[in-house]
Amino acid sequence: MCVIHTPMRIEFEPAPRPQDISPQDWMDWRWQVRNRLKRFEDFSMHFALTESEIGGLREANQAFKVQATPYYASLAEPGNIHDPIRRMMIPLAEELSDGKQAMSDPLAERKYSPAPRIVHRYPDRVLFLVTDTCSVYCRYCLRKHFTGHDEAFPVRTEYQAALDYIKNQSGIREVILSGGDPLTLGDERIEEILKDLSQIPHLDLIRIGTRMPVVNPMRITNELVSRLKIYHPIFIMTHFNHAKEVTYEAAKALLRLVDNGFPVLNQMVLLRGINDSAEAVEQLSRRLLRLRVKPYYMHQCDPSLGTDHFRTSIRQSLKIQRELWGKISGLALPQLSVDLPGGGGKVGLVPDFLIEKTDSHWRFRGWDGVESTYIEPGYDHNF
Ligand SMILES: *Cc1c(COP(=O)(O)O)cnc(C)c1O
Ligand code: SF4
């Protein structure tokens, strides 16, 4: 049996491979890419589609590409129209109606792009969008203005201009390879980027943002990992949203990364009807922690085009954060964050523990409801 037994008795089940596909093909990441589901017919073979999904698949494709690996599609229960995997992968007709705050570029990334493929919003770190391609197009994607337009790797002059920008800005300490999904590129290409970046003396580390461990975990081959680890420190930022996504194959990919010295952190997005409960966040976090993956951010869904039906209210997100705070390990608790529309950057939100404050004292109600006072230095109890 392909089950990783961990001391906490969490079991990681393999994805249900269709009978007519050989294990060799199924476990080959390029096979998964070649056999992606894209058209209405590809999905209707596996799922009894609803009216809304039929409308979504027929129309939404033109606005934002539809695509999924057979591996990822196999994780959705065919008969359940509310399955979280299905909801993230198959568009609904709702996607076509513009929301109240629908923005094609909610984080104003074009405005903060001083060079091709670069987003420079914070003093010490930049995003480098090395490809616009992903294995699965998440219906709630925040970067619909860029992702999935078949631009792939930048042309030579653009690539060089991006690299020169990073070279010339000595305040940049971190480059975050993003996209699209950088690991959709071939091994040689990725190695070339890392080699070029490794020659820039002011860089401390590189991050790679990827959803491959979620949607095509076969991509994390021994070959890839041995090529990448030469350029450490490299932090891998994954994007698991639901406990169901943490399969045996995903677990193997994650362990391969952490065993080879890559710190792995997860960024989830809170999505209505998919993972918007304290239980769903806790389950996901516990599974990831078993694999030494740290839950890093819990993002408020950005008001990108066609995402109104996915968005939770900030109130609801804070309620989830409040329910988990103190109850579960700090290691398991991701930081709730809102990326400010218009490009203001991320702001962290924490539950409101403060009851009142004066110059001399701060009065709190803790996670379990108990009230306490912190007296500022230099003041005594009889303030
Ligand atoms: C999110 C983001 C980062 C990384 O932020 P951290 O808080 O360091 O994880 C960097 N640049 C941009 C433009 C971002 O949106
Ligand atoms: S992996 Fe990221 S960039 Fe790609 S579709 Fe999903 S959210 Fe968008």
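Whatever order the structure lists ligands and atoms in, that order sets their numbers, starting from 1. Please read all numbers here as calculations on a predicted model, not as lab measurements.
- For a distance bound of 2.8 Å, the N, O or S atoms of His239 include none lying that close to atom 6 (Fe) of ligand 2.
- With hydrogens and angles left out, the side-chain atoms of Thr69 and Arg34 include no donor and acceptor closer than 3.5 Å.
- At a heavy-atom distance under 4.0 Å, only side-chain atoms of Ile176, from C-beta outward, approach ligand 1.
- Interface atoms of ligand 1 facing Arg125, defined by a heavy-atom separation under 4.0 Å, are 4 (C), 5 (O), 6 (P), 7 (O), 8 (O).
- Counting only N and O atoms by type, the side chains of Gln24 and Asp28 include no donor and acceptor under 3.5 Å apart.
- Using a 4.0 angstrom heavy-atom cutoff, Arg207 counts as in contact with ligand 1.
- Because its NZ or CZ atom is both nearer than 6.0 Å to the ring centre of Tyr122 and within 45° of the ring axis, Arg125 counts as a cation-pi partner of that residue.
- Residue Arg121 has at least one heavy-atom neighbour below 4.0 Å for each of these atoms of ligand 1: 13 (C).
- For ligand 1 and Tyr296, the ligand atoms under 4.0 Å from any heavy atom of the residue are 6 (P), 7 (O), 8 (O), 9 (O).
- Atoms of ligand 1 found under 4.0 Å from any heavy atom of Lys346, numbered from 1 in the order shown, are 1 (C), 2 (C), 3 (C), 4 (C), 5 (O), 14 (C), 15 (O).
- Between atom 4 (Fe) of ligand 2 and Cys141 there is no N/O/S contact shorter than 2.8 Å.
- Proximity of Cys134 to ligand 2, defined as any heavy-atom pair under 4.0 Å, is confined to the side chain (atoms from C-beta onward).
- Judged by the shortest distance from any of its heavy atoms, Tyr112 lies outside the 4.0 Å radius around the atoms of ligand 1.
- Electrostatic pairing of Glu109 and Arg121 does not count as a salt bridge here, judged by no charged N lying under 4.0 Å from a carboxylate O.
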